[in-house]
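Accompanying notes for the structure given below.
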Amino acid sequence: MVLDNGKRLRIFSGNANPALAEEIANYLGLAVGDASVGRFNNGESQVMIEESVRGTNVFVVQPTCGPVNDSIMELLIMVDALKRASADQITAVIPYYGYARQDRKTRGREPISAKLVANLLTTAGVTRVVTMDLHAGQIQGFFDIPVDHLIGVPILADYLMEKGLDDIVVVTPDLGGVTRARQLADRLHAPIAIIEKRRPMPGVSEVMNLIGGVEGKTAVIVDDIVDTAGSLTEAAKALGRYGAKEVYACCTHAVLSHPAKERVEASNIKELIITNTIPLAPDNFSPKIKVLSVAPLFGEAIIRIFGDLSVSKLFDD
């Protein structure tokens, strides 16, 4: 869809996920804005906006994925450059919000880094944020500017329905993911099950109990983030012990830190379904990993924001 022949709307991209920015721009019938985003010899980020943005509504596509700190600094500096170039509105399109797992204090003298990032974005000049599947919904409240929070469940559900799986049970690998599991289960017309686990130490999880029945069923694990895939593969193993016929897994944000790929490939997971909020590194390509695009959803959200329409209507059943 072409918007006003691109006269007032611009899409820019940093280096975090230029392929996604290109997909979104193509969906809108636009070209990605002309900007140079690189490094000085001393490692500092260098940004140059190579076209006029005066009076325009600018959307900067930049997930703050690895290298996280570089991605954040690129985004902040791009926003500052656009503000100083007299852009009218600057929307940060952050498909994956880095530091989202640091959303609260769990012990003394610990930072709330997700709030700090929100403060930095606002101070830099961001006037609106569009993101997807925040690890903690309350992060929206860390901002004093509008935040549009998109959800990935419809994209995952559509793909799972196309596969024609039968006798599905949707499984959440922890108690905090019940709402997400229910959203997916409602779209698949399936029951849910809950894995109760504990973490004896950071990065280590142990499955304690299973709430719900999976015996003889196709289990679909759903989560927001898969990092090292330790918890995911342990959950899949437990579902096999409890009699699940097959195990699939899906998530929105595939961080896939080492040794995630090796763990998934060695597991009883038939397929890990992810989205491209984070670009899949070449080393992580696998026949077991299926990537779905979020570009059409972000494109529709941008159309609605630009046209002063409701974004929440995108998720009405």
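Nothing fancy with the numbering, it's 1 onward along the sequence.
- Once rounded to the nearest 0.5 Å, the distance linking CG of Leu297 with OG of Ser293 reads 9.5 Å.
- At distances below 3.5 Å, not a single donor-acceptor pair connects side-chain atoms of Asp80 with backbone N or O atoms of Gly125.
- Between the side chain of Glu44 and the backbone N or O of Phe40, no donor-acceptor pair lies under 3.5 Å.
- Shown here for Ala249 and Leu232, the closest heavy-atom pair between the two residues is CB-CD1, 3.7 Å.
- Arg304 and Asp148 are not joined by a salt bridge, as no carboxylate oxygen comes within less than 4.0 angstrom of a charged side-chain nitrogen.
- A salt bridge (charged side-chain N to carboxylate O under 4.0 Å, His left out) check over residues 273-291, counting only residues at least two apart or in different chains, returns nothing.
- Atom CG of Asn42 is surrounded by more than 12 heavy atoms from other residues, nucleotides or ligands within 6.0 Å.
- Within the 3.5 Å criterion, the main-chain N or O of Pro95 finds no donor-acceptor partner in the side chain of Thr277.
- A 6.0 Å sphere centred on CZ of Arg39 holds more than 12 heavy atoms belonging to other residues, nucleotides or ligands.
- At least one side-chain heavy atom of Leu184 sits under 4.5 Å from a side-chain heavy atom of Cys250.
- Between Ile302 atom CD1 and Thr91 atom OG1 the span is 8.0 Å, to the nearest 0.5 Å.
- Judged by distance alone, the side chain of Ser71 and the main-chain N or O of Cys65 form a donor-acceptor pair under 3.5 Å.
- Proximity of Val37 to Phe12: side-chain heavy atoms (C-beta onward) are nowhere separated by under 4.5 Å.
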Could you go step by step and tell me if Val79 and Leu76 meet the side-chain contact (heavy atoms from CB on, under 4.5 Å) rule?
CA-CA 5 Å; Val79 169; Leu76 294 172; 5.9 Å; no
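- Side-chain contact check for Glu23 versus Asn276: some heavy-atom pair is nearer than 4.5 Å.
- Cluster annotation: Leu165 is connected to Leu292 through the hydrophobic network of ILVMFWY side chains, with a link wherever side-chain heavy atoms come within less than 4.5 Å.
- Looking at Leu82 and Arg10, their side chains never come closer than 4.5 Å, going by heavy atoms from C-beta outward.
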In a table with atom names and distances, give each donor-acceptor pair under 3.5 Å that connects a side chain of residues 131-138 to protein atoms at least two apart or in another chain.
{"residue": "Thr131", "atom": "OG1", "partner": "Ile94", "partner atom": "O", "Å": "2.7"}
{"residue": "Asp133", "atom": "OD1", "partner": "Gly152", "partner atom": "N", "Å": "3.4"}
{"residue": "Asp133", "atom": "OD2", "partner": "Gly152", "partner atom": "N", "Å": "3.2"}
{"residue": "Asp133", "atom": "OD2", "partner": "Thr252", "partner atom": "OG1", "Å": "2.4"}
{"residue": "His135", "atom": "ND1", "partner": "Asp224", "partner atom": "OD2", "Å": "2.7"}
{"residue": "Gln138", "atom": "NE2", "partner": "Asp103", "partner atom": "OD2", "Å": "2.9"}

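- Rounding to the nearest 0.5 Å places CD1 of Ile11 at 9.0 Å from CG of Asn57.
- Two residues are said to be in side-chain contact when any heavy atoms from C-beta on lie closer than 4.5 Å; Leu156 and Thr275 meet this criterion.
- Side chain of Tyr97 to main chain of Ala114: a donor-acceptor pair is present (N/O by atom type, distance under 3.5 Å, no hydrogens or angles).
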Going through the checks in order, is the side-chain contact (heavy atoms from CB on, under 4.5 Å) test met by Leu30 and Leu9?
CA-CA 9 Å; Leu30 304 173; Leu9 174 64; 3.6 Å; yes
Derivation and outcome, side chain to side chain donor-acceptor pair (under 3.5 Å), residues Glu50 and Ser36
CA-CA 7 Å; Glu50 306 285 3; Ser36 300; 3.1 Å; yes
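- Ile77 and Val93 are members of different hydrophobic clusters when ILVMFWY side chains are connected at heavy-atom separations under 4.5 Å.
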Please assess Asp88 against Arg8 for the test salt bridge (Lys or Arg N to Asp or Glu O under 4.0 Å), listing each intermediate value before the final yes or no.
CA-CA 9 Å; Asp88 184 38; Arg8 293 181 50 239; 5.5 Å; no
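- Ala236 and Asn268 get closest at one heavy-atom pair: O-ND2, 3.0 Å.
- In this structure, Leu188 and Ala157 approach most closely via the heavy-atom pair CD2-O, 3.8 Å.
- The hydrophobic cluster containing Ile139 also contains Leu120, counting ILVMFWY residues as joined when their side-chain heavy atoms lie under 4.5 angstrom apart, directly or transitively.
- At least one side-chain heavy atom of Pro287 sits less than 4.5 Å from a side-chain heavy atom of Glu265.
- Across Ile221 and Pro173, no two heavy atoms sit closer than the pair CG2-CD, 4.0 Å.
- Here the straight-line distance linking atom CG of Leu20 with atom CD of Gln62 works out to 10.5 Å at 0.5 Å rounding.
- Connection of Tyr96 to Leu256 is not established within any shared hydrophobic cluster, with ILVMFWY side chains joined at heavy-atom distances below 4.5 Å, either directly or through further cluster members.
- Within the 3.5 Å criterion, the main-chain N or O of Ile195 finds no donor-acceptor partner in the side chain of Thr172.
- With Phe298 as the partner, the side-chain contact (heavy atoms from CB on, under 4.5 Å) test is satisfied by one option alone out of Val61, Leu28, Ile303, Val130: Val130.
- Remark: side-chain polar atoms of Lys83 are paired, donor with acceptor, to backbone N or O of Ala124 under 3.5 angstrom.
- When hydrophobic clusters are built by joining Ile, Leu, Val, Met, Phe, Trp and Tyr residues whose side-chain heavy atoms come closer than 4.5 Å, directly or via intermediates, Ile90 is not grouped with Phe59.
- Once rounded to the nearest 0.5 Å, the distance linking CG of Leu239 with CD of Glu246 reads 12.5 Å.
- In plain terms, the two heavy atoms of Gly299 and Tyr27 that are nearest each other are CA-CD2, 3.8 Å.
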Verdict with reasoning, Leu121 to Val117, per side-chain contact (heavy atoms from CB on, under 4.5 Å):
CA-CA 6 Å; Leu121 289 166; Val117 172; 4.1 Å; yes
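- Residues that satisfy the salt bridge (charged side-chain N to carboxylate O under 4.0 Å, His left out) test with Asp167, not counting sequence neighbours, are Lys217.
- Inter-residue side-chain proximity for Tyr99 and Thr64 is flagged as unmet; no heavy-atom pair is nearer than 4.5 Å.
- Counting only distance, with no hydrogens or angles, the side chain of Glu74 and the backbone of Asn15 share a donor-acceptor pair below 3.5 Å.
- Rounding to the nearest 0.5 Å places CD1 of Ile211 at 9.5 Å from CD1 of Ile192.
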Would you sort out whether Ile278 and Asn17 count as a side-chain contact (heavy atoms from CB on, under 4.5 Å), showing the intermediate values?
CA-CA 7 Å; Ile278 298 172; Asn17 198 344; 5.7 Å; no
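- The 12-atom threshold is exceeded at CE of Met161, counting heavy atoms of other residues, nucleotides or ligands nearer than 6.0 Å.
- Proximity of Phe315 to Gln183: side-chain heavy atoms (C-beta onward) are nowhere separated by under 4.5 Å.
- Ile49 approaches Ala81 most closely through the heavy-atom pair CG1-CB, 3.9 Å.
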